[in-house]
A.B. asks: 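This structure is in structure tokens; I'll ask about it shortly.
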Amino acid sequence: MRRWTPQGPLDLGLVLGPLRRGPADPTFRATPDGSVWRACRTPAGPGTLRVRAHAGEVLGEAWGPGAQWLLDGLPELLGAADDPEAFVPRHRVVALARHRRPGLRLTRTGLVLESLIPSVLEQKVTTDEAYRAWRLLVRRFGEPAPGPAGVSERPMRVMPTARTWALIPSWEWHRAGVDDKRASTILRSVRVAARLEQAVGMPADEARARLEVVPGVGPWTSAEVVQRSHGAADAVTVGDLHLPGIVGWALAGDRHADDAGMLRLLEPYAGQRHRAARLILLSGQVPARRAPKMPRVDIGLL
């Protein structure tokens, strides 16, 4: 067990929420007592971490070969390396969101592959499709989470090893609804998994450059990864279907903003653009939908 006292307010749900890939993610669970559970594949092996806040401090418990690694990284996971005071709101909607969510900090997991694979699964499909694929593949090819989480009523799972990902047969990708392009990107990534994990020790921009050497990993995916692995405060996501319109609407009343327009609006937040985007999303200032939702196509049924 480890006890850690954060400097300032801390909202576990806000900090760790980006690590959850859907409500039924087998690697992540939030329980009614306020605890957050994570099942991870660490450099030391599989591990399970339980985190809960109590009386102004955070209590962390861990199980498995990766337990000590998870406890050692607990402060950074909860935003100890983040500096929210460096952020200066330039718009009323951002200032209000920050005031209402003082416990927002940017997590730093120190793990690349666990964010890269689900981010690739989210390329060019609906979130429901991507969450389903992640859930099915982890349940099918992962391993039970160490400790009580792995033997509970709804057992948690640790994601597969790089080698296991590489050995998943083509029909299992198809059954999970993953097309050949995304599956091939994941297979190329896991073949160089060790090199990609080394990117944790690099600045975020250099880490993104290394990730983007892998064919199929572009700026959208690399940003989604370093936001979690590095706690990169400036890694704004470009190429997203919805984010430019949301930022454009919240800051300028422009629901049709593109990536270039979004980046212009976020220029005052240089160095903190990802945090600004997070706060805008938390503000609830989202334009009313006028176009039909992106259709869901389950290739596993074809």
Side-chain angles (χ1 to χ4, degrees), residues 12-31 35-41 46 48-49 107 109 111-145 149-150 152-162 164-165 168 170-187 189-190 216-218 220-229 237 239-243 246 277-278 281-282 286 289 292-302:
L12 288 180
L14 285 181
V15 176
L16 299 179
L19 305 180
R20 185 178 202 167
R21 305 292 180 156
D25 183 350
T27 70
F28 188 105
R29 182 168 300 158
T31 53
S35 297
V36 175
W37 295 73
R38 259 171 56 78
C40 309
R41 185 164 298 283
T48 303
L49 176 68
T107 185
T109 66
L111 299 170
V112 171
L113 213 62
E114 76 160 22
S115 292
L116 176 59
I117 291 175
S119 294
V120 171
L121 292 174
E122 292 173 10
Q123 292 175 351
K124 306 297 183 182
V125 297
T126 66
T127 52
D128 285 347
E129 290 175 86
Y131 292 161
R132 175 182 177 273
W134 173 250
R135 181 174 69 250
L136 292 178
L137 291 167
V138 172
R139 285 180 177 170
R140 176 75 175 84
F141 298 102
E143 61 186 90
S152 63
E153 183 178 346
R154 292 188 300 121
M156 296 180 67
R157 306 283 288 180
V158 176
M159 79 169 199
T161 64
T164 302
W165 284 111
I168 294 176
S170 60
W171 60 85
E172 294 288 358
W173 292 105
H174 187 83
R175 185 177 296 171
V178 183
D179 58 80
D180 290 343
K181 183 177 180 180
R182 287 179 293 149
S184 296
T185 300
I186 292 173
L187 293 176
S189 299
V190 298
V217 176
W220 184 92
T221 306
S222 68
E224 290 289 311
V225 173
V226 299
Q227 288 166 7
R228 297 165 172 82
S229 63
T237 304
D240 192 82
L241 181 62
H242 303 293
L243 186 60
I246 293 172
R278 282 286 312 274
L281 291 170
L282 289 170
V286 179
R289 184 183 297 275
K293 290 185 178 180
M294 184 177 179
R296 174 177 174 177
V297 179
D298 186 354
I299 68 170
L301 300 177
L302 298 179

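Along the sequence shown, the residues carry numbers beginning at 1.
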A.B. asks: Whether Arg182 and Glu129 form a salt bridge (side-chain N of Lys/Arg under 4.0 Å from carboxylate O of Asp/Glu) is what I want to check.
C.D. replies: no
A.B. asks: Is a side-chain N or O of Glu143 found less than 3.5 angstrom from the main chain of Pro46, in a donor-acceptor match?
C.D. replies: no
A.B. asks: Of the non-hydrogen atoms in Pro144 and Val158, which two are nearest, and what is the gap between them?
C.D. replies: O-CG2, 4.2 Å
A.B. asks: Indicate the atoms forming the closest heavy-atom contact of Met159 with Val138, along with that distance.
C.D. replies: CA-CG1, 4.2 Å
A.B. asks: Does Arg20 reach the main-chain N or O of Pro23 with its side chain, forming a donor-acceptor pair under 3.5 Å?
C.D. replies: yes
A.B. asks: Look only at the side chain of Ser229 and the backbone of Val225, and say whether a donor-acceptor pair between them is shorter than 3.5 Å.
C.D. replies: yes
A.B. asks: Got a donor-acceptor contact below 3.5 angstrom from the Arg135 side chain to the Gly22 backbone?
C.D. replies: no
A.B. asks: Would you kindly say whether Glu224 and Thr237 are connected by a side-chain donor-acceptor distance under 3.5 Å?
C.D. replies: yes
A.B. asks: If every non-hydrogen atom of Pro155 is compared with every non-hydrogen atom of Gly150, which pair is closest and at what distance?
C.D. replies: CB-O, 3.3 Å
A.B. asks: Can you tell if the side chain of Arg29 reaches within under 4.5 Å of the side chain of Ser152, non-hydrogen atoms only?
C.D. replies: yes
A.B. asks: Could I get the full list of salt bridge (charged side-chain N to carboxylate O under 4.0 Å, His left out) partners for Arg140, not counting sequence neighbours?
C.D. replies: Glu172
A.B. asks: Apply side chain to side chain contact (heavy atoms under 4.5 Å, CB included) to residues Val217 and Ser189 and explain how you reach the verdict.
C.D. replies: CA-CA 9 Å; Val217 176; Ser189 299; 4.2 Å; yes
A.B. asks: I'd like to know whether Thr109 forms a side chain to side chain contact (heavy atoms under 4.5 Å, CB included) with Thr107, so could you lay out the CA-CA distance, the side-chain angles of the two residues, the decisive distance to 0.1 Å, and finally the verdict.
C.D. replies: CA-CA 6 Å; Thr109 66; Thr107 185; 4.2 Å; yes
A.B. asks: Please examine the side chains of Pro18 and Gln227, heavy atoms only from C-beta on, and report whether any two atoms are closer than 4.5 Å.
C.D. replies: no
A.B. asks: Where the side chain of Trp37 meets the backbone of Thr48, is there a donor-acceptor pair that is under 3.5 Å apart?
C.D. replies: no
A.B. asks: Start with the C-alpha distance between Leu281 and Leu243, add both sets of side-chain angles, then the distance that settles side chain to side chain contact (heavy atoms under 4.5 Å, CB included), and finish with yes or no.
C.D. replies: CA-CA 8 Å; Leu281 291 170; Leu243 186 60; 4.1 Å; yes
A.B. asks: If you compare all heavy atoms of Leu113 against all heavy atoms of Ala162, which two are closest, and at what distance to 0.1 Å?
C.D. replies: CD2-CB, 4.3 Å
A.B. asks: Would you kindly say whether Thr127 and Glu122 are connected by a side-chain donor-acceptor distance under 3.5 Å?
C.D. replies: no
A.B. asks: Say you draw a straight line from OG1 of Thr185 to CD of Gln123; how long is it, rounded to the nearest 0.5 Å?
C.D. replies: 5.5 Å
A.B. asks: Under the criterion side chain to side chain contact (heavy atoms under 4.5 Å, CB included), I'd like the reasoning laid out for Ile117 against Trp134: C-alpha separation, chi angles, the key distance, then a yes or no.
C.D. replies: CA-CA 8 Å; Ile117 291 175; Trp134 173 250; 3.9 Å; yes
A.B. asks: Less than 4.5 Å apart, any side-chain heavy atom of Leu137 and any of Trp165?
C.D. replies: yes
A.B. asks: Any side-chain to backbone donor/acceptor pair from Ser184 onto Lys181? Under 3.5 Å, distance only.
C.D. replies: no
A.B. asks: How far apart are the closest heavy atoms of Gly142 and Pro160, and which atoms are they?
C.D. replies: N-CG, 3.8 Å
A.B. asks: Taking Arg41 for the side chain and Leu111 for the main chain, is one N or O donor matched with an acceptor at less than 3.5 Å?
C.D. replies: no
A.B. asks: Look at the side chain of Arg38 and the backbone N and O of Phe28, then say whether any donor-acceptor pair between them is shorter than 3.5 Å.
C.D. replies: no
A.B. asks: Minimum heavy-atom separation for Trp173 to Ile168, with atom names?
C.D. replies: NE1-O, 3.4 Å
A.B. asks: Does a donor on one side chain and an acceptor on the other come within less than 3.5 Å for Thr27 and Asp25?
C.D. replies: yes
A.B. asks: Any side-chain heavy-atom pair from Ile186 and Leu121 closer than 4.5 angstrom?
C.D. replies: yes
A.B. asks: Looking at Ser119 and Ser115, would you say the former's side chain and the latter's main chain have a donor-acceptor pair under 3.5 Å?
C.D. replies: yes
